[in-house]
Amino acid sequence: MALRFYNTLTQKIEDFVPADGKTVRMYTCGPTVYNYVHIGNLRTFTFQDVLRRWLRYRGYKLDHVMNITDVEDKIIRNALAQHKSIREYTSTYEKAFLEDSAKLRLERPERLVRATDHIPDMVKAIETLRQKGYTYESEGSTYYRIAKFGGYGKLSHNDFSGIRAGARVDVDEYDKADARDFVLWKARKDDEPFWETPLGEGRPGWHIECSVMSMKYLGETLDIHAGGVDLIFPHHENEIAQSEAISGHQFARFWLHAEHLLLDAQKMSKSLGNIYTLRELLAEGYTPEAIRYLLASVPYRKKLNFTMDVLKAAGTSIERLRNFKLRLETGKFSEGINPAIEERTATALAAFEASLDDDLNTAEALAAVFEYIRDVNTAMDGGEFLAGDTAGALDLLARFDSIFDVLRPSAEVTGLTDQQIEVRIAERNAARKSRDFARADRIRAELLEQGIVLEDTKEGIRWKRK
RNA sequence: GGCGCGGUAGCCAAGUGGUAAGGCAGAGGUCUGCAAAACCUUUAUUCAGCGGUUCGAAUCCGCUCCGCGCCUCCA
C-alpha cells in the first residue's frame, strides 16, 4: 500500500509522492513568538514531527521550512509595553520555543526562518502583486483584492458568492473595498515599529511572510503545506491567493491540517484559563516522553482531548514498551532462531508500516506494536523465544522509536552510577542469600528512593531507572 | 445561517460492508522470602437513537438527538 494523506484541498485521501520523486518540499506554519507555546500548539508541531520522520522512514529526503512569526499585533503591543525592540522581545520566546521543541524531541526543520529577516522579499512580492493588479492602496496600507483571484475559497471550501465583490461592506478601521480583502502591508501607526520601504513606512501583514518564505526556499509549488485546522481560513486561503497570483502555478500539492487539542473537552483559551504550557506540565512532574506519546498517539485529524488521566496513562504505556525492551536486552534465551517468531516480527512490522502509510494512523501503529509485545512476552514465558530472535525484535522497536521516540528516558533522576547500583544489588543479593530479608528490603527501598527500581525475575535481578 | 468534524467498554481510541484492534484503569492468576515490580488471562452479544438498503452494517442511505471547530486573534 502506498503512502497516502488526506488533502484538505481535495477533501480526499490521495497517494503521496513528492513532485521530483526524491525530496519532499514541505512548509509548516510555526509559532508566533509572543508567548510560550502551549500544548495545543505542540500537538500540531508533534504531528509535523511525526510527518517528517515518517517521510524520511519512507526514504525521502526532506527540505522542510518552518517560519517563526516575529512581527504581528500582539508582539508589537507587548514589546512596546515592555519598552523593548521587537527582536529583544521575541528572542525570549523564540529561544523558549526551541527549548520546548527539543524537550519534546521535535526534529529541527532544515530551515527555520524569521519573518523579520525577509522584509525586502515581502516588499518585492507585494510589488509583483501590484504590477499584476492584485492590490490597491488605502490610507497608506496595501490590500489584496480578492475579487481578482478566481479560486478564492477552494481550500476552506467556503462559498463567498454571498459576499459580492465590490459590494460596500461595513468596514472596520481599515478601509477595505471588500470584506474578504486582507492587508498585505500595514501603514505605520503612531509610535509602532516600522520598516522604511518603497511601499511606505509600515510593516507586513500576517499572510505574506508564508507565501514569500516558502517560495523563496522551496520553489513555486510545495509538496506539502501543513498547519493547524484553524489556519485553513483565512491564513492558508490567503497564502494561496497571494502565491498563485504571483507565480501563476499551484502553490501546494498537499495541504495537511492537524485537529485541535481540547483540554477537558474544551478549547483552550485564555478567558477560560485552561492553557497549559509544556513548562507547567513538566513542573508538575510529567515527563516529556509521556506528553510526546500522548500528542502523537491520537491520529492527527482527530480532536485530542487532553486530560491528566490520559497523560498518566501515556506514561504507563511507555513503561510497558520500555519493560519489553529491557526484557529483550537482559533476558536469557536459548540459542537458535524460531521461524515462527521471525514471522511474527515481520507481520508486526508490516502492520506498523501500513498503519503509518495510511495517513499517519498512529493509534493503529501503536496497536500493532503492543500486540506484538504481548505475543512475544508469551513466547518468552513459554521458552519459545530464542536468542536469535532478539535482533529482529530490537530492530522493530528501533523502527517504532524512530517515529515515536519515547523509549529513552529524558532525565537521569539519580546520581548513582551503574557501578554503584550494581554494588548495592550485590549487597542485597548477599543479604537475601543469608535470608536477611529486612536488610534486603531496606536496600531495595533505598534504591527506589533514588529512582532505581529492582525487579526479581526468573533469570535473576534486573534494575532500571524510574 | 454556511462549511466541516465527531458520538465505539469506567477513561483514551482503531476499525468505513463480513460478523468489535490496542493502551490505561478494574478483576483473577503466574512468578517471588515478600512485593509496590514483571508477565499472562479477563472485561462491549454490541458500536447515540429510530427507520431503510443488503444474505450480511459500527461501517451505506434518510431522519432525530447530543458535542465540537471554522466563517477574517488563533496550532
Side-chain angles (χ1 to χ4, degrees), chain A residues 8 11 28-32 34 37-48 72-74 146 153 156-163 172 174 176 179-183 206-207 226-235 237-238 257-262 265-270 293-294 297-299 301-307 309-321 323-324 326-327 351 355 358 361-374 377-378 380-382 432-433 435-438 440-441 444-445 448 453-458 461-464 466:
Chain A
T8 306
Q11 298 181 300
T28 60
C29 288
T32 300
Y34 70 97
V37 291
H38 60 243
I39 49 169
N41 299 315
L42 291 170
R43 197 262 168 119
T44 297
F45 299 140
T46 302
F47 145 66
Q48 292 166 0
E72 54 84 71
D73 291 348
K74 281 187 287 280
I146 283 298
S156 55
H157 304 284
N158 278 325
D159 178 8
F160 291 96
S161 59
I163 308 170
D172 51 24
Y174 301 115
K176 297 192 285 188
R180 301 172 300 171
D181 292 345
F182 58 91
V183 69
W206 172 33
H207 314 294
V229 282
D230 52 352
L231 295 184
I232 294 172
F233 189 87
H235 185 53
E237 197 74 73
N238 290 350
H257 292 99
E259 250 298 349
H260 278 306
L261 174 148
L262 305 176
Q266 287 183 298
K267 184 179 176 179
M268 289 196 298
S269 77
K270 288 212 167 118
Y293 180 97
L294 174 54
S297 64
V298 177
R301 286 200 296 127
K302 293 271 293 193
K303 289 180 186 66
L304 191 162
N305 189 15
F306 190 97
T307 65
D309 282 347
V310 181
L311 183 53
K312 286 183 193 114
T316 316
S317 297
I318 293 173
E319 284 304 301
R320 184 168 166 81
L321 292 159
N323 284 330
F324 178 68
L326 194 63
R327 194 174 185 189
S355 299
D358 183 14
N361 191 335
T362 48
E364 203 169 73
L366 284 169
V369 172
F370 280 110
E371 282 179 82
Y372 174 75
I373 289 176
R374 185 196 57 219
N377 269 321
T378 304
M380 286 173 169
D381 290 347
R432 289 180 73 201
K433 213 156 202 164
R435 303 194 68 77
D436 183 358
F437 294 121
D441 289 350
R444 182 170 63 189
L448 183 61
V453 178
L454 300 191
E455 293 167 6
D456 297 322
T457 70
K458 279 188 201 121
I461 192 151
R462 74 181 187 196
W463 63 272
K464 63 184 178 184
K466 188 77 180 164

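Naming: A, B, ... by sequence-line order, numbering from 1 per chain.
Of the charged side-chain nitrogens involved, none lies within less than 4.0 Å of a carboxylate oxygen, so that A/Glu259 and A/Lys302 do not count as a salt-bridged pair.
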Considering only nitrogen or oxygen atoms on both sides, find all protein atoms under 3.5 Å from nucleotides 66-71 of chain B and state each distance.
residue	atom	partner	partner atom	Å
B/C70	OP1	A/Lys267	NZ	2.4

Pairs under 3.5 angstrom, nitrogen or oxygen only, protein versus nucleotides 39-41 of chain B, please.
residue	atom	partner	partner atom	Å
B/C39	O2'	A/Asp381	OD2	2.3
B/C40	OP1	A/Arg374	O	3.4
B/C40	OP2	A/Arg320	NH1	3.4

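Atom CG in A/Leu311 sits roughly 14 Å away from atom P in B/A25 (whole-Å rounding). The CZ-P distance, from A/Phe306 to B/A13, rounds to 13 Å in whole Å. With rounding to whole Å, A/Tyr293 atom OH is found 9 Å from B/G23 atom P. What separates CG of A/Asn361 from C1' of B/G15 is a distance of 9 Å, to the nearest Å. Computed from coordinates, the A/Leu454 CG to B/A36 C1' distance equals 12 Å when rounded to whole Å. As rounded to whole Å, 13 Å separates atom P of B/A35 from atom CZ of A/Arg432. The distance between atom CD of A/Glu364 and atom C1' of B/C12, rounded to the nearest whole Å, is 16 Å. Rounded to an integer number of Å, the gap from CZ of A/Arg462 to P of B/U32 is 15 Å.
B/C50 and B/A38 have their P atoms separated by 43 Å, with the value rounded to a whole Å. Between the P atoms of B/G1 and B/U59, the separation comes to 26 Å (whole Å). Between B/C71 and B/U64, the distance separating the two P atoms is 27 Å to the nearest Å. B/U19 and B/A58 are spaced 11 Å apart, taking the P atom of each and rounding to whole Å. Rounded to whole Å, the C1' atom of B/G4 lies 23 Å from the corresponding atom of B/G49. For the P atoms, the distance from B/G51 to B/A14 is 28 Å, rounded to whole Å.
Residue contacts shown for A/Pro31 are absent, as no nucleic acid heavy atom lies under 4.0 Å away. A/Leu326 comes within contact range of no nucleotide atom at all, as no heavy-atom separation falls under 4.0 Å. A/Gly40 comes within 4.0 angstrom of a base, heavy atoms only. Counting non-hydrogen atoms under 4.0 angstrom, A/Ala367 reaches a base of the nucleic acid. Looking at heavy-atom distances under 4.0 Å, A/Glu72 makes no contact with the nucleic acid at all. When heavy atoms are screened at a 4.0 angstrom cut-off, A/His257 is found touching no nucleic acid atom at all. A/Ile232 comes within contact range of no nucleotide atom at all, as no heavy-atom separation falls under 4.0 Å.
When each of A/Asp181 and A/Ala368 is assigned the nucleotide of RNA chain B with its nearest heavy atom, A/Ala368 is the one assigned upstream, toward the 5' end. Place A/Asn238 and A/Ala258 on RNA chain B by their nearest nucleotides, and A/Asn238 ends up nearer the 5' end.
Between the side chain of A/His157 and the backbone N or O of A/Thr8, at least one donor-acceptor pair lies under 3.5 Å.
For A/Glu319, the salt bridge (Lys or Arg N to Asp or Glu O under 4.0 Å) partners are A/Arg322, A/Lys464, not counting sequence neighbours.
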Check the pair A/Lys303, A/Arg43 against side chain to side chain contact (heavy atoms under 4.5 Å, CB included), reporting the backbone distance first and the verdict last. CA-CA 10 Å; A/Lys303 289 180 186 66; A/Arg43 197 262 168 119; 5.6 Å; no

With side chain to side chain contact (heavy atoms under 4.5 Å, CB included) as the test, would you mind laying out the steps for A/Val229 and A/His260 before giving the verdict? CA-CA 7 Å; A/Val229 282; A/His260 278 306; 3.7 Å; yes

Going through the distances and angles, do A/Asp73 and A/Tyr34 end up as a side chain to side chain contact (heavy atoms under 4.5 Å, CB included)? CA-CA 10 Å; A/Asp73 291 348; A/Tyr34 70 97; over 6 Å; no

Should A/Glu72 and A/Thr32 be marked as a side chain to side chain contact (heavy atoms under 4.5 Å, CB included) after you check the CA-CA gap, both sets of side-chain angles, and the distance that decides it? CA-CA 8 Å; A/Glu72 54 84 71; A/Thr32 300; 3.5 Å; yes

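Contact annotation: side chain of A/Arg444 to base of B/A35, donor-acceptor pair present below 3.5 Å.
The aromatic rings of A/His235 and A/Trp206 sit parallel to each other, their planes meeting at less than 30°, with 60° as the upper class boundary.
Of the candidates B/G22, B/G33, B/A75, the closest approach to any side-chain atom of A/Phe370 belongs to B/G22. The A/Lys302 side chain lies nearest to B/A13 when the options are B/G4, B/A13, B/A75. Among B/G33, B/C11, B/G22, the nucleotide with an atom closest to any side-chain atom of A/Val310 is B/C11. Listed candidates were B/A75, B/C12, B/C24. Nearest to the side chain of A/Asn305 is B/C12. Of all nucleotides listed (B/A13, B/C73, B/C34), B/C73 comes nearest to the side chain of A/Trp206.
In this structure, the side chains of A/Glu237 and A/His207 stay at 4.5 Å or more apart for every pair of heavy atoms. Using a 4.5 Å heavy-atom threshold, the side chains of A/Tyr293 and A/Ser317 count as touching. Between A/Phe45 and A/Thr28 the shortest side-chain heavy-atom distance does not fall below 4.5 Å.
Of the listed residues (A/Val298, A/Leu261, A/Leu262), just one forms a side chain to side chain contact (heavy atoms under 4.5 Å, CB included) with A/Phe306, and that residue is A/Leu261.
Both stacking criteria are satisfied for A/Phe437 over the base of B/G33: a centre-to-centre distance under 5.5 angstrom and an angle between ring planes under 30 degrees.
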